[in-house]
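A short write-up of the structure that comes next.
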There are 2 protein chains.
Amino acid sequence: MDTSTTGAPGPGGPDPRGGEGAEAGEPAGPPAGTRWLDGGELAAWLATSAIMISLPAALDARMQRESGMTFFEYMVLSVLSEEPEHTMQMSDLAARTSASLSRLSHVAGRLEKRGLLARVRVPGPGRRTNAVLTGAGYGEVVAAAPGHVAAVREYLVDGLGPAELAALRRIGASVEAAIDRT
Amino acid sequence: MDTSTTGAPGPGGPDPRGGEGAEAGEPAGPPAGTRWLDGGELAAWLATSAIMISLPAALDARMQRESGMTFFEYMVLSVLSEEPEHTMQMSDLAARTSASLSRLSHVAGRLEKRGLLARVRVPGPGRRTNAVLTGAGYGEVVAAAPGHVAAVREYLVDGLGPAELAALRRIGASVEAAIDRT
DNA sequence: CCCTCGTTGTTGACGCGTCAAGTTAGAGGG
DNA sequence: CCCTCTAACTTGACGCGTCAACAACGAGGG
């Protein structure tokens, strides 16, 4: 893998070479003030981008095959299944699954149509809505769980030592904080 | 965040509780032979899933806003820009970007329509096709690069120390190997 | 010489996520 | 009492990725 971010396109060195001819009217390359990534940073970023692209795809494909549901759908049902009353307010559920409210709403709609969860307006003030796991929904999570853990182990956890697992926790916290800051 | 994978849904402990009533005809819960994730593994996995969901979304949104292209499109153009003749065979480019050939083909089609790259059949034997960066395409990568590095630094690299960066490289290798094994 | 196979790449239908625009409901200001 | 704000959702259009089918092309077997 390789994604640049190295500097002026061309592996570290200058110039495009090759025969493309004169450029269009660009402001003459990058603004010069950029701090490019050094070797170690670059390698770490390339590793991350490969993970970002491959892992969700692999996980999704496998979940779809084995349990007929998406990785994200599993997350939603799973979070609900761990809640006291199998219930959570939509916006909280969205935060818990790192998703936008819009995305969650779409997913909830589909899950509702499949009879795996129900949405109920909360009577109090404001416009709260709760997502509730149905009996069928609970059955599906329980059935899907073993396959899901197996996949997570196979693709990620079992290949790592304690040091990497610890690093992952710190990295997760750092990334989340950085993104929230925006 | 929290995604289960902990055990029988319900936080670590047994039983669903809550009032859902009797389940349908499931084979009586998980097959029992499952090795659930322990606390540290669970936390690492939750961190990873949060990254998998949030980072690409954040990066994509920002690239789209600032440079009018996708994170993945940038990767493709960038890889090409680092190649000697700004050229690479489709299947190699797919491997380099961790994408399926089909995905790459669609993306190449769009980029071609925008005049950023061209595809040329290689005359020799077989059915090889090369993707080639155009002058305009090169201009766009160069213009987009600084913003891209800035985002990568802000969301990921600058928040991490040498230990985390090193761990990331090892984790990337491990995950890639595990997925390829499938 | 033909038939089948393995690569390599493309295409179309379909599903999911995003973005922008609503909708519903209470809270605060004048 | 009305008007506007904000919070909490929902909805629809649109773009991208996946999957499955297909097309192009050489190689080997019988």
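Owing to the predicted nature of the structure, the values given are computational and were not obtained by experimental measurement. The sequence lines fix the lettering, A, B, ..., with proteins before strands; numbering per chain opens at 1.
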For this session: Identify, between A:F72 and B:R128, the residue whose nearest nucleotide on DNA chain C lies closer to the 5' end.
Result: B:R128
Seminar exercise, completed: Assert: residue with more 5' nearest nucleotide on DNA chain C, out of B:S91 and A:S102, is B:S91
Problem set entry | Sugar-phosphate only, base, or nothing, as touched by B:A99 at under 4.0 Å among non-hydrogen atoms | nothing
For this session: Select base, sugar-phosphate, or nothing to describe what A:S100 touches, counting heavy atoms under 4.0 Å on all strands.
Result: sugar-phosphate
Rounded to the Å, how far apart are [X] [atom1] and [N] [atom2]?
| X | N | atom1 | atom2 | answer |
| --- | --- | --- | --- | --- |
| A:D92 | D:dA8 | CG | C1' | 11 Å |
| A:R65 | D:dC19 | CZ | C1' | 12 Å |
| A:Q64 | D:dC19 | CD | P | 9 Å |
| A:M90 | D:dT11 | CE | P | 10 Å |
| A:R103 | D:dT10 | CZ | P | 16 Å |
| A:Q89 | D:dA7 | CD | P | 14 Å |
| A:R121 | D:dC9 | CZ | P | 9 Å |

Exercise. Ion pair present between A:R181 and A:E176, side-chain N to carboxylate O less than 4.0 angstrom?
Worked result: no
Problem set entry | Salt bridge present between B:E154 and B:R62 (N-O < 4.0 angstrom) | yes
For this session: Assign each of B:G126 and B:E73 to its nearest nucleotide of DNA chain D by heavy atoms, then name whichever residue's nucleotide is nearer the 5' end.
Result: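 On the 5' side of the pair lies B:E73.
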Exercise. Starting at the 5' end of DNA chain D and moving along, which residue's nearest nucleotide shows up first, A:N130 or A:H106?
Worked result: A:N130
Looking at side-chain heavy atoms only, is the closest gap between [X] and [Y] below 4.5 Å?
| X | Y | result |
| --- | --- | --- |
| A:T70 | A:M63 | no |
| B:M90 | B:N130 | no |
| A:R35 | B:V149 | no |

For this session: May I ask you to decide if the ring planes of A:Y138 and A:H86 are parallel, tilted or perpendicular, using 30° and 60° as cut-offs?
Result: parallel
Problem set entry | Nucleotides bounding contact with chain B, strand DNA chain C, heavy-atom threshold 4.0 Å | C:dT8 to C:dC19
Exercise. Between B:F72 and B:R103, does a side-chain contact (heavy atoms from CB on, under 4.5 Å) hold up when you go through it step by step?
Worked result: CA-CA 10 Å; B:F72 184 71; B:R103 177 179 187 181; 3.6 Å; yes
Exercise. Think A:R119 has a side-chain N or O under 4.0 angstrom from the OP1 or OP2 of D:dT10?
Worked result: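 Answer is yes, contact under 4.0 Å.
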